[in-house]
2 protein chains.
Amino acid sequence: MAKAERGPRERMVFSAAQLIRRDGVASTGMREVAVTAAAPRGSLQHYFPGGKTQLVDEAVGWAGRYAADRVARFLASLPEPTPSGLFAAMVRQWTDEYEAAGFAGGCPVAAATVDCAESVPSTRKAASAAFATWTGAVARALTGMGVPEERTGALATLMISSLEGAILLARADQDVRALTTVARELGPVLDAAVRKPDGSPAGGHTGAG
Amino acid sequence: MAKAERGPRERMVFSAAQLIRRDGVASTGMREVAVTAAAPRGSLQHYFPGGKTQLVDEAVGWAGRYAADRVARFLASLPEPTPSGLFAAMVRQWTDEYEAAGFAGGCPVAAATVDCAESVPSTRKAASAAFATWTGAVARALTGMGVPEERTGALATLMISSLEGAILLARADQDVRALTTVARELGPVLDAAVRKPDGSPAGGHTGAG
DNA sequence: CGGCTACTATGACCGCTGTCATAGCCGAGG
DNA sequence: CCTCGGCTATGACAGCGGTCATAGTAGCCG
């Protein structure tokens, strides 16, 4: 989890995301965020006059951008990009973390959704935007791999849904099996959507009605 | 959400599950549970001497059994059971609720996982058990539809992961699109795993290493 | 009637939360 | 020197959380 360590403000947003990932939004205290970020408590109300809501919203937005960046990075690192390869890389990020550092954290956007979707409208919107950012990045990546445009959105949604759900299962079970399972099962399905050079129909419906 | 309304104890567990579904574990107060269940506050410490943890754990367990029961019920209600039909029914339960009553609630087991996986070991185990109960019911249903035994577990995991993730997306977006998308995309994949009467290989790997 | 058990009913306690208010530091600018 | 603004630093406050302690009720048994 390399970070630039720039200003105290960024550190606080980052720390908030980390704590939310672990304990959920409600159980994450402002004081705790300040301590974790090695930032003075007084800076909280200085940088986030909107209070906890603003801090959480920014943490969620940060997480969305971070996830989208990772997708771009995966794409660049894959020698021969395929949908299954991208999905495997996304999943591997989680299995690697869980095997190296334990099952302490989940997805902060998921946590914000669970804790705030009904009670804090702005956070719900922030979560929706974060998911959209992430899904958009995945969909663009799929387009670049030859997946027909009318399929990229649906497949990106499928990938992220499966990943998010598998993260939940893995964390509950303290076992990465759910993650490896969805990667293995979905891989061939995703690759089947790639438009073949011979112009074959590219398995799956192309936009059912 | 028909319920038997039996004893006050059951009502409290049920109400706890409902509130956790909506606001998460941390934001759900014991007093609130008692009020919602129309139960006396004093009964909380009488029936749940283990405190909030015990109540939450039981609510999670209840949710797991409820989900498994639903799977069995779906199975009985489908004239010609297919994996895609089962998955569509599971998804439809959520789209129906969201369209009828709004996006107020998610899955209580997911909420418990997000809020307590790291901080409350017993709740994490309860969530794991609930997912296992649910996954087991789905896997058994798939077996009854002719899916090879060595595939049912993985497919059940895939179904539940996708469903849970899609619930998150739907709630964040306040739009059932994610749910309908995963149902549409996964349907054919699931049906392809059914062992055909002619003994064809039943698409997909049969148990990779 | 007394005694016992199951359950109900309140009130108090302590800890923690987010937020507000106030005051202090400190470099820049005049 | 003083002033000002960005930032820091604490302290206090009101509210709510779960939990404990205690007392009350209802019903059954003898």
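Quick note on labels: first sequence line is chain A, next is B, and so on, each numbered from 1.
Between the two ends of the helix from C:dC1-D:dG30 to C:dC13-D:dG18, each summarised by a five-pair axis, the helix axis turns through 0° (rounded to 10 degrees).
In this structure, A:Asp191 CG and A:Phe87 CZ are separated by 11.5 Å, a value rounded to the nearest 0.5 Å.
Residues B:Arg9 and B:Glu58 are in side-chain contact: their nearest non-hydrogen atoms beyond the backbone lie under 4.5 Å apart. Side-chain contact between A:Ile167 and A:Leu163 is present, with at least one heavy-atom pair separated by less than 4.5 Å. Side chains of A:Val25 and A:Thr123 form no contact here, defined as non-hydrogen atoms less than 4.5 Å apart. At least one side-chain heavy atom of B:Phe131 sits less than 4.5 Å from a side-chain heavy atom of B:Glu164.
For residues 19-59 of chain B, the set of pairs meeting the ring-ring contact (aromatic ring centres under 6.0 Å, His included) definition, not counting sequence neighbours, is empty.
One can place CE of A:Met12 at 10 Å from P of D:dC7, the figure rounded to the nearest angstrom. Rounded to whole angstrom, the span from the CD atom of B:Gln54 across to the C1' atom of D:dG18 amounts to 14 Å. Atom OH in A:Tyr47 sits about 6 Å away from atom C1' in D:dC7, given to the nearest Å. Look at CG on B:Leu44: it is 13 Å from P on D:dC20, rounded to the nearest Å. Between the CZ atom of A:Phe48 and the P atom of D:dT8 there is a distance of 11 Å, rounded to whole Å. The CG-P distance, from B:Leu55 to D:dG18, rounds to 10 Å in whole Å.
Between C:dT8 and B:Ser43, a contact under 4.0 Å exists linking OP1 or OP2 to a side-chain N or O.
Nucleotides of DNA chain D nearest to B:Lys52 and B:Gln45 differ in position, and the one nearer the 5' end is that of B:Lys52.
Judged by distance alone, with hydrogens and angles left aside, the side-chain atoms of A:Arg171 form a donor-acceptor pair with the main-chain N or O of B:Val114 at under 3.5 Å.
Note: B:Trp94 and B:Tyr98 have tilted aromatic rings, judged against thresholds of 30 and 60 degrees for the angle between ring planes.
Residues from residues 22-41 of chain B with heavy atoms under 4.0 angstrom of DNA chain C, sorted by number: B:Arg31, B:Pro40, B:Arg41.
By the 4.0 Å N-to-carboxylate-O rule, B:Glu185 lies close enough to A:Arg151 to be salt-bridged with it.
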